[in-house]
Structure formats: structure tokens, C-alpha cells
2 protein chains.
Amino acid sequence: MSRYQAGIRTEAKIIEATRSLLARGGLEAATLKAICDEAGVKAGSFYNLFDSKEEAVIRVVRESIDAVDPDPDGAGTDSVDDLVTAFVRFFEEQPLMARVYVLAALNTEPSENGARKRFLRHHQRRVERFADAMIRSNSGERPDETEMNAELLLGALDGLAFRWSLDPTFELSRFAREAAKRLS
Amino acid sequence: MSRYQAGIRTEAKIIEATRSLLARGGLEAATLKAICDEAGVKAGSFYNLFDSKEEAVIRVVRESIDAVDPDPDGAGTDSVDDLVTAFVRFFEEQPLMARVYVLAALNTEPSENGARKRFLRHHQRRVERFADAMIRSNSGERPDETEMNAELLLGALDGLAFRWSLDPTFELSRFAREAAKRLS
DNA sequence: ATGTAATTGGAATGAACACTCAAAGTTGAG
DNA sequence: CTCAACTTTGAGTGTTCATTCCAATTACAT
């Protein structure tokens, strides 16, 4: 009943190859052929385990984002500053992965709702995290205002990250912190 | 010595076809074949007038952005509110064109500086416009703080627009105005 | 051991697409 | 009217890429 060990190992090799390629060369480098070569596997094996290339890419990007989460278990101990730091770290440490994330979100056709809804859910979870952290640190605040603030701060962070991706000399960290100061 | 009329007309037809396709279906719809069919022209004519497809696309996107400029002549009469309104209008009236703009900025390889530098220059001009408008409306402010504010506000607007592109029910206009209120 | 189900190899498919070229046609200045 | 410069044609090139197919092989439960 359980899965074959061989399949599990192959899947791990494919994911690792995809991660390595995305981190080194972005979406352009992660062609199916490159992934299979890097993993030492043929195309048939890939499609035995994944429905599409996109599936593997999305999984890797999601895992990369989770890897910098300051509170992966949802204990509710993260401050706004922790969250901003984690955000900045993701972009500074894995710039190509971040670019893949944004491209994947934009490239999904407006019609096909699957991928787009996933991104939206992820965004909304982040907004809630920020809002919770804001309430924790600053209890004398109206709840609707907090949500607005969280949405504005995340918007600012996304935009500043985009700005930084155009010009890596942009001081993302400094601006991100300043945005947090004024919007929470 | 002056250009042949035929070439000028063909160029106009190609630009118009490109604009129409980008507005209707985004980058995916604007293939070379589609552009040429729409313009009633063959591929060879296209390449007689343009060095690459990208050249035509960039021209159309730039013209679309200029078309919503509240102060195209640089008279210095635009307020922060005018600029925010123009920004929101561009996204709401030409969502696909806006998406093309962002994609084009992100898709350029980090190595090839040409296209990326163009986007950066455009961004910096926008920051200056915002900073000037801020100084005009609120003269008792330190200049370095103004620049920071302008950069933060534009970052927020870009990020909110991205947010909106994931979910068109997001009230871009309301959030954009709120961001302007808090960051200027 | 044996049969079934999972896995693998790797060639083949087929679609998409930007771009080129040489020959034929057109324009317009003098 | 003439001729060089310009423009158009449209088939053709070359490339990249994800995905499919299925026979051969291997893993695993009984």
C-alpha cells in the first residue's frame, strides 16, 4: 500500500535539483531537461511523480518561504519587527527565488484560478500575521484600522522589494524598517 | 532624405496592432504573428522597421503610461493627489498593460542592463515627481525626509497594485489614498 | 517464488515562437 | 523618366521546451 522507496528517493532528488537550479539561475535555468539532468533522472520518471513542472517549482518556492518563517509553528510569539526582518531576509538571501515567486504569481492567467488563489491565500495569511503582531505590541488600536495598517505595510514591503529587484543597491532593509515604523 | 510615407504608415499600423493586442490579452496575446496579422503585414516588414518585438512592446507600454500623466509638460502643477489618482487610473483602466510593464521589468536578465536601467530611470523620475509635489504642498519639511517619503509612497503604491492584480476586488483606490495620507 | 503495481528509460511528439533572407515591388527626388 | 533607396513578401530557419508513450525493469506484499 505504501509508496515505493525508489519513488520517494527520486522525488527528493528532483525537488533538490529544482531548488538548486532555481536558486542559481531562476526560472530560466530550471528547464525540465536541466532538472532531470541534475537529478540524474529521465523525463518519464519526472512525470511519474509530478503532474507538471510547475508543481515542482511551486513546491520549492513555498518551502523556501517557509524556511525563513520566524514562527513556523504559529505560536504567536513573532513581533512586527521579526516579520519585517524575515521578509527582508528572504529577498536578500534568495533573490532569484523571490523573483520566481513574483513571476509565478503574475504569469498565471487571470482565467485559471488555481495558482492565483494560492498566492492570494498566502498573502492573506501574511496580512493576518502582521495584524496579530501589531495588536500584540500595540493593544490600544481599533481592529479595522489594524487590518488596514497590515495591508498597507505588506503592500509597501512588496513594492520596496520590487524596487530593490530593479536595483540591488537600494537599501531594502532600511526602507522596510522605516515603512514598518510609519505604518504600524 | 525624409522617410518614405509607406514605412511611416506601416510603423503606425504595427504600433496600433501591438497596443490593441496588449490591451486585450497581455504579453501572451502579442506574439509576432498576431501583431503582423492584426497589422496586415508580414514578418519581414516588421523587422525592417523594428529591431525586435520587445522594442515595439516597450514603446507601446511607455506611451500608455504617458497617456495618463496628469502633467505631461512638466509644468510642476501636479499635486500628490493628482499623481496617486493617475497611478490608480493606469492600473484600473489598463490592467493588462500594467501587468506587461511589471513583467517586462522583471523578465529582463540581471546581466543585460539595457531594459532594466530604463525601468529604473523611469522609477526615479516618478520619485522626483512625488517628492516635488510633496514639497510644494508641505513646505516645512526636511528634504532628505521628503525623498524617503516619496520612495516609501511609491513602494506602497507598487505593492498595492500588485496586490490588486492578484485580486481585482481589492479596493486599490481606497488603500492607495490611505497610503498617500500616511506617507506624505 | 510470484504477480501486481510502481518506476524508469529515452526516443518521439508537437507546438510555439522570434527572427532571417533573397527576390520582387514601390516610392519619390532630380 | 530613371534609378537608387526603401519597403514588402512569405516561406524558411533554428531553437527551445514541456509533455507523452510504452516497453522494460524493479520493488514489494503475500
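Keep in mind it's a predicted model, so treat the numbers as computed, not measured. Letters A, B, ... mirror the listed sequences (proteins, then strands); counts begin at 1.
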Please tell me which of the listed nucleotides, [options], lies nearest to the side chain of [X]?
X     : options               : answer
B:T10 : D:dT8, C:dG9, C:dC19  : D:dT8
A:L49 : C:dT8, D:dT8, C:dA18  : C:dT8
A:R3  : C:dT7, C:dA18, D:dT9  : C:dT7
B:S45 : C:dT20, D:dT8, D:dA18 : D:dT8

Is the distance from OP1 or OP2 of C:dT8 to the nearest side-chain N or O of A:K42 less than 4.0 Å?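 For A:K42, the contact criterion (side-chain N or O under 4.0 Å from OP1 or OP2 of C:dT8) is not met.
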
For the CD atom of A:E11 and the CG atom of A:L49, what is their distance to the nearest 0.5 Å?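 Rounded to the nearest 0.5 Å, the CD-CG separation comes out at 5.5 Å.
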
How many angstroms lie between atom CG of A:D69 and atom CD1 of A:I65, to the nearest 0.5 angstrom? 10.0 Å

Just how far, in rounded Å, is [atom2] of [N] from [atom1] of [X]?
X     : N      : atom1 : atom2 : answer
A:F46 : D:dC21 : CZ    : P     : 17 Å
B:Y47 : D:dT8  : OH    : C1'   : 16 Å
B:Q5  : C:dT26 : CD    : P     : 17 Å
B:K53 : C:dA16 : NZ    : C1'   : 11 Å
A:E28 : D:dC17 : CD    : C1'   : 14 Å
B:I35 : C:dC17 : CD1   : C1'   : 12 Å
B:E55 : C:dA18 : CD    : P     : 15 Å
A:K13 : C:dT8  : NZ    : C1'   : 11 Å

Let me spell it out: for each of A:A6 and B:D51, pick the nucleotide of DNA chain C with the closest heavy atom. Which residue's pick is nearer the 5' end? A:A6

Any Lys/Arg nitrogen of B:R59 or B:E55 sitting under 4.0 Å from an Asp/Glu carboxylate oxygen of the other?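 Answer for the salt bridge query: no.
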
Checking A:E171 now: which residues fulfil salt bridge (Lys or Arg N to Asp or Glu O under 4.0 Å) with it, not counting sequence neighbours?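 Applying salt bridge (Lys or Arg N to Asp or Glu O under 4.0 Å) to A:E171 gives A:R174.
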
Suppose we call a contact any N or O donor and acceptor under 3.5 Å apart; does that hold for the side chain of B:Y4 and the base of D:dA5?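 When only heavy-atom distances are counted, B:Y4 does reach the base of D:dA5 through a donor-acceptor pair under 3.5 Å.
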
Could you label the plane-to-plane angle of the B:F170 and B:F175 rings as parallel, tilted or perpendicular, counting under 30° as parallel and over 60° as perpendicular? parallel

Base, sugar-phosphate, or nothing for A:T31, non-hydrogen atoms under 4.0 angstrom?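 Sugar-phosphate: the residue A:T31, judged by heavy atoms under 4.0 Å, touches backbone atoms but no base.
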
